[in-house]
Trainee: 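Below: one structure in structure tokens.
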Amino acid sequence: MTMPTRHPFYLDCDTGIDDALALAYLLASPQADLRGIGTVSGNVSAAVGARNTLDLLQLAGHAHIPVALGAHDPQSGAFRGGAPWVHGENGIGEVALETADAELAPGTAAEMLVRLAHEHPGQLRILAIGPLTNIAEALRLDPELPRLVQDVTIMGGAAFAPGNITPVAEANIANDPEAAADVFAADWNVTLVPLDVTMSSVLEESHRQELLAAGHPVPQALGDMLGYYFRFYESQFGRACSAMHDPLAAALAVGGVSAAVAPVVTVDVDTTDGPGRGQTICDLRGRYMDYPEQPGARCRVVLELDGEFAPHLVEVLLSAWPSSSPRNGSPAWADSDAAAGLCRLPLSR
Ligand code: BDR
Ligand code: CA
């Protein structure tokens, strides 16, 4: 049995609840070799996000993965205090994790990203699930970065869907529109995972109960955090459930799920101070012609998924941390039979 090819990944996050799920998904994915993590202010401050990330890595048995502190403030203005009503004061739904022994890696998140890109030329894949401040900073540090990086997957923006922080803007982009504009303007392959697909990828209470029932500390902690997240999303969906923003971006990045409709188009970001600030302006005028090629376009905008995401997410997490697994950081796919099962995981329909 052959293991799938593992790709080096850099994760940039603002570790709140769905970031925690995305991190767990990456750790559980045999296709992802997570080489470094940078944090940025968004759901919580970059420092609190780093604390959460270190603690989650220790809980999951991956304390060796380096975590670097990134930008506290966006390019323009100052960090506005995060979203405690969505993610809790501590960013992870008031779940108390054991404090990790590991300390922050030296240097900034942007410096870590540039270093990893040079260590893995043409191979490094970026998954950005918070505001894009660190990624834009890395582009300024090294203008060669786009040539060195294989691709960038971004959770953010809204194409046809409404925004979630203003009528037209999504939180990750709205928290630093100038940085987002720089990232979309760079010459690299970007996959944008906008609210159009993340708001329709819903995790239900039955899925949360499956995580809790596993009896393993990792899915248990995630299930507990989701209890907080569900209470916020009840105001959006009218029932206990939640959208799955960041884990869906992680799954699309590693190929655990695939897109059914994802045209490659130009994307601009509104950086004015008007009501459109933070809007992702995706050129979707080709909609009625099945999106003909747009010369110069380089952003793949995911508009529809090929199947359902939530059952896949639960299955991947429970395969990595089943109830019988000791808390030693060796996910089930480390043994070849389990690996064979996980590699064949279907995307449920
Ligand atoms: C995005 O904003 C944050 O609250 C989430 O973690 C996600 O990255 C959704 O708009
Ligand atoms: Ca996030």
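First listed ligand is number 1; within each ligand, the first listed atom is number 1. Treat the numbers as computed from the prediction; the structure is a model and nothing was measured.
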Trainee: Can R239 and E204 be counted as an ion pair, charged N to O under 4.0 angstrom?
Mentor: yes
Trainee: May I have the step-by-step check of side chain to side chain contact (heavy atoms under 4.5 Å, CB included) for L11 and L23, ending in yes or no?
Mentor: CA-CA 8 Å; L11 173 67; L23 172 59; 4.0 Å; yes
Trainee: What are the protein N, O or S atoms, given as residue plus atom name, that sit under 3.0 Å from the Ca ion (ligand 2)?
Mentor: D14 OD1, D19 OD1, D19 OD2, I129 O, D246 OD2
Trainee: Note down each nitrogen or oxygen pair, ligand 1 side and protein side, whose separation is under 3.5 Å; give only atom names and the distance to 0.1 Å.
Mentor:
| residue | atom | partner | partner atom | Å |
| --- | --- | --- | --- | --- |
| ligand 1 | 2 (O) | N172 | OD1 | 3.4 |
| ligand 1 | 4 (O) | N43 | OD1 | 2.6 |
| ligand 1 | 4 (O) | H87 | NE2 | 3.2 |
| ligand 1 | 6 (O) | D18 | OD1 | 2.5 |
| ligand 1 | 6 (O) | D18 | OD2 | 3.2 |
| ligand 1 | 6 (O) | D19 | OD1 | 3.0 |
| ligand 1 | 6 (O) | N43 | ND2 | 3.0 |
| ligand 1 | 6 (O) | D246 | OD2 | 3.0 |
| ligand 1 | 8 (O) | I129 | O | 3.0 |
| ligand 1 | 8 (O) | N172 | ND2 | 2.9 |
| ligand 1 | 8 (O) | D246 | OD1 | 2.6 |
| ligand 1 | 8 (O) | D246 | OD2 | 3.1 |
| ligand 1 | 10 (O) | N164 | ND2 | 2.8 |
| ligand 1 | 10 (O) | E170 | OE2 | 2.4 |

Trainee: Can a side-chain donor-acceptor contact be found between H87 and D19 if the only test is distance below 3.5 angstrom?
Mentor: no
Trainee: Could you tell me how the ring of Y233 sits relative to the ring of Y229: parallel (under 30°), tilted (30 to 60°) or perpendicular (over 60°)?
Mentor: perpendicular
Trainee: Students often mix this up, so state it plainly: with edges at 30° and 60°, are the rings of F79 and H72 parallel, tilted or perpendicular?
Mentor: perpendicular
Trainee: For the pair E234 and R231, find out whether any cationic side-chain nitrogen is under 4.0 Å from an anionic carboxylate oxygen.
Mentor: no
Trainee: Applying the side-chain contact (heavy atoms from CB on, under 4.5 Å) criterion to V193, which one of L305, L248, V301 satisfies it?
Mentor: L248
Trainee: Establish, from distance only, whether the side-chain atoms of Y25 and H312 form a donor-acceptor pair under 3.5 Å.
Mentor: yes
Trainee: Shortest non-hydrogen contact from V149 to L124?
Mentor: CG1-O, 3.5 Å
